[in-house]
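Only one structure is covered here, and it is reproduced in the block below.
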Amino acid sequence: VTAVAASTDLAMSLQLIVDQLAEATSIQQVGVAILNEKRTGLTVVADRSGRLNTDSAVGFVIPVENNPATQRAIAERRTVIVPDATENPLTASAHAVLRQRGVKTIVIMPLVVENEVIGTVGLDIVEEGIELTDDQVRVAETIVYQAASAIQRARLFEQTEEARRSAEYLFSLSAAL
């Protein structure tokens, strides 16, 4: 988490987050997805897959509509654990993808920045009979909370850099006059 806190590079921060979550929970399939502006879909922006035969999910868009598990995590701002994910009605719209990725249970955690859900973090349990302990869930939620702070810092840094570049440009224009 210290490396994430020190980073101003959003992509690198997100990749560090999925790696740290995988290590902290012993779950090897972890992804971060960010909501689009219309809040109709989540785009996977960082992914770690423990299985060599599973392609990265980066770029994949997860629809929010007809996705009760994700809707619940976003609306209630709490972790949602969905056992038997490929058959559970809470994940009906994603059954095909979950089967393809070999997911048995999915854990969906909201990513909250400044009191607004900006995305979700998903932990895909692919081993039969594996369940997260309450302590593992708390550790994961702590990492996700700290990750949200890091994302906010990275966004603020990007905004500050853009403002600095604009100010420098305006200064160079005024100096030329």
Side-chain angles (χ1 to χ4, degrees), residues 4 10-22 24-25 27-51 54-126 130-132 136-156 158-159:
V4 173
L10 187 55
M12 187 171 81
S13 292
L14 294 172
Q15 194 57 52
L16 286 168
I17 291 161
V18 296
D19 291 341
Q20 288 176 353
L21 280 167
T25 61
I27 294 173
Q28 295 307 304
Q29 283 186 196
V30 181
V32 176
I34 302 296
L35 274 165
N36 63 20
E37 286 186 28
K38 293 181 180 179
R39 303 180 69 79
T40 57
L42 293 146
T43 302
V44 177
V45 294
D47 179 52
R48 175 173 168 163
S49 181
R51 293 176 16 173
T54 301
D55 293 332
S56 171
V58 171
F60 183 78
V61 177
I62 302 164
V64 174
E65 188 177 344
N66 298 321
N67 189 340
T70 298
Q71 290 171 333
R72 183 179 294 172
I74 291 169
E76 298 176 10
R77 298 176 185 199
R78 68 173 180 87
T79 298
V80 175
I81 300 173
V82 184
D84 196 21
T86 60
E87 303 298 326
N88 196 307
L90 288 175
T91 54
S93 66
H95 284 172
V97 172
L98 294 171
R99 277 189 202 97
Q100 175 193 358
R101 293 182 62 83
V103 177
K104 308 298 183 221
T105 297
I106 190 166
V107 180
I108 303 169
M109 293 176 276
L111 195 53
V112 182
V113 172
E114 291 184 352
N115 208 27
E116 179 185 352
V117 177
I118 63 162
T120 61
V121 175
L123 303 172
D124 299 346
I125 301 172
V126 296
I130 300 290
E131 291 183 26
L132 285 179
Q136 285 175 308
V137 171
R138 277 192 292 280
V139 167
E141 288 172 339
T142 299
I143 292 170
V144 170
Y145 174 78
Q146 292 173 341
S149 296
I151 289 168
Q152 180 62 10
R153 278 191 300 280
R155 284 181 166 182
L156 290 172
E158 289 173 4
Q159 290 171 357

Heavy-atom pair with the smallest gap, counting every atom of Leu123 and Ala140: CD1-CB, 4.3 Å
Reported OG-to-CD distance for the pair Ser13 and Gln146, which is rounded to 0.5 angstrom: 12.5 Å
Asp47 side chain near Phe60 side chain, heavy-atom distance below 4.5 Å: no
Rounded distance (nearest 0.5 Å) linking atom CD1 of Ile74 with atom CD of Glu116: 10.5 Å
Thr25 and its side-chain contact (heavy atoms from CB on, under 4.5 Å) partner, picked from Val107, Val139, Leu132: Leu132
Asn88 side chain to Pro83 backbone, donor-acceptor under 3.5 Å: yes
Side chain to side chain, Thr105 and Ile81, heavy atoms closer than 4.5 Å: yes
Heavy-atom closest contact (Asn66 atom, Gln71 atom, distance): N-NE2, 3.9 Å
Non-hydrogen side-chain atoms of Ile27 and Gln136 separated by less than 4.5 Å: no
Interatomic spacing from NZ in Lys104 to CG in Leu98 - rounded to 0.5 Å: 10.5 Å
Backbone of Asn115 reached by a side-chain donor or acceptor of Arg77 within 3.5 Å: yes
Heavy-atom side-chain contact between Val117 and Arg39 under 4.5 Å: yes
4.5 Å side-chain heavy-atom contact, Val44 and Leu42: no
Any side-chain heavy-atom pair of Leu35 and Val64 under 4.5 Å: yes
Verdict with reasoning, Leu90 to Ile106, per side chain to side chain contact (heavy atoms under 4.5 Å, CB included): CA-CA 10 Å; Leu90 288 175; Ile106 190 166; over 6 Å; no
Considering all heavy atoms, the nearest Val80-Ala69 contact: CG2-O, 3.9 Å
Electrostatic pair Glu87:Arg99 at N-O distance under 4.0 angstrom: yes
Enclosure of Glu76 CD (heavy-atom neighbours >12, cutoff 6.0 Å): yes
Side-chain donor/acceptor of His95 to backbone N/O of Pro89, under 3.5 Å: no
Heavy-atom pair with the smallest gap, counting every atom of Thr40 and Asn36: N-OD1, 2.9 Å
Straight-line distance of Met12 CE to Leu16 CG, nearest 0.5 Å: 5.5 Å
Exercise: identify the closest heavy-atom pair between Pro110 and Val144: O-CG1, 3.5 Å
Spacing of Thr91 atom OG1 and Asn67 atom CG [to the nearest 0.5 Å]: 7.5 Å
Flag, side chain of Thr120 to backbone of Ile108, donor-acceptor distance under 3.5 Å: no
Val103 versus Ala85, closest heavy-atom pair with distance: CG1-CB, 4.2 Å
Leu21 CG to Asp19 CG distance, which is reported to the nearest 0.5 Å: 9.0 Å
